[in-house]
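Contents: one structure, followed by commentary.
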Amino acid sequence: MEGFRKLLAGVKTNSSNVSDKKSESDNASTTAKAKLGRFRLKMRMLSNLGARNLSSQQTFVTYENTYKMEPTDNKTFSSRRAEKVIEGVFEHYLQGKNYDPKIFPRLIKTLTELIRDRVKMQGLDRYKIIATVTMIQNKDQGIQLSSRALWNHNFDNYASVAYEGPNYYAVGSVYALYYD
Amino acid sequence: MDDFQSAEETAFVVDEVTNIIKEAVEGAIGGNGYQHNKVNQWTSNVVEQCLNQLTKLGKPFKYIVTCVIMQKNGAGLHTASSCFWDNSTDGSCTVRWENKTMFCIVSVFGLAI
């Protein structure tokens, strides 16, 4: 760079002197500009951090009470419809399948998600839904499955279906609880 | 400070519930071997004990307790559950217990009112 400047100085006369001075001043000004640029970048980063803190504080939302104690008349949880949903899911996904310890863990997860999503689609407002599926290999062992709940008897209910495969049983349950 | 305290009280505390379940199971079927004619009573006892202790916590929660008791026979058992709830306040807890002749799996789901 310095050699190039000396060349320029040799070629030109007045303009070279000026250009030398300019390059020197440019050098100084470029360093100053670089410093200023870095300073501006730092300020922007700091201000961005500040903005992020503010936005995280601002997105904390609380809702007012709706004071709704009961579901609307037509939209209480219907056990029969939920039973039909569970039966449909079982028949569609378990027909003709044998017990396989490699496939069944994933299959059972997808079954529970399906049952939960289909019951949600029934259009129930303000209901919390829990779907469980239990699969037991049939080897003539004894088994007992029971559940009990503490809830509001008027609006909360459950549905439970047992499905028999060639060498296994599947029991699916859905619990729906009204959120007031 | 008030908000923080109320959040602690109304969140589902897994450790507390785990202890309750373990005590209930130990109390109901602790040293017994699998007996088919008693299993019905055992599951009812486990579930009732769990629910009673949970209500004594005095938290504004609805509870669902499920219990599976299975004889040890080399058979496979899979359970899965999928829930649609409020993640910040609701929770679930599952405890697996076994002895020489049987398995016992208890799940508790707690949903805030």
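Side-chain atoms are counted along with the backbone in the values below, which use heavy atoms only and exclude waters and symmetry mates. Per chain, numbering begins at 1; letters A, B, ... match sequence-line order.
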Residue B/F103 versus chain A: region with a heavy atom under 4.5 Å: neither
Interatomic distance, A/N152 atom CG to B/I113 atom CD1 [nearest 0.5 angstrom]: 8.5 Å
Give a yes or no on whether the ring-centroid distance for A/F155 and A/Y178 is below 6.0 angstrom. yes
Which portion of A/Y127 sits near chain B, non-hydrogen atoms under 4.5 angstrom: backbone
Salt-bridge test for B/K59 and B/E16: reply yes if a basic N is under 4.0 Å from a carboxylate O, no otherwise. yes
Most contact-rich option vs chain B, by heavy-atom pairs under 4.5 angstrom, among A/W151, A/Y99, A/F104, is A/Y99
Does any heavy atom of chain A fall under 4.5 Å from the side chain of B/D90, the backbone, both, or neither of them? side chain
Would A/K128 count as a cation-pi partner of B/F84, with NZ or CZ less than 6.0 Å from the six-membered ring centre and within 45° of the ring normal? no
Under a 4.5 Å heavy-atom cutoff, which of A/Y169, A/Y179, A/Y175 has the most pairs with chain B? A/Y175
Can you spot which of A/I108, A/T110, A/L114 makes a side chain to side chain contact (heavy atoms under 4.5 Å, CB included) with A/Y93? A/L114
Residue selection (most heavy-atom pairs with chain B, distance under 4.5 Å) from A/V119, A/I130, A/L111: A/I130
Most heavy-atom pairs under 4.5 angstrom with chain B, which of A/P101, A/G172, A/A131? A/A131
Below 4.5 Å from any heavy atom of chain B, which atoms of A/D117 appear? Answer side chain, backbone, both or neither. neither
Name the member of B/V47, B/I105, B/V65 that forms the most heavy-atom pairs with chain A at distances under 4.5 Å. B/V65
In the structure I gave you, are the side-chain heavy atoms of A/Q141 and B/H36 within less than 4.5 Å of one another anywhere? no
Looking only at A/K139, A/R116, A/Q144, the option with the highest number of non-hydrogen pairs under 4.5 Å against chain B is A/Q144
Set out, in order, the CA-CA distance, both residues' side-chain angles and the distance that settles side-chain contact (heavy atoms from CB on, under 4.5 Å) for A/V133 and A/M135, then state yes or no. CA-CA 7 Å; A/V133 176; A/M135 291 188 138; 4.3 Å; yes
List the steps and the verdict of side-chain contact (heavy atoms from CB on, under 4.5 Å) for B/V108 and B/I64. CA-CA 6 Å; B/V108 173; B/I64 295 173; over 6 Å; no
Determine the option with the most heavy-atom pairs under 4.5 angstrom with chain B, choosing from A/S173, A/G142, A/A149. A/G142
B/L51 portion near chain A, given a 4.5 angstrom heavy-atom threshold: side chain
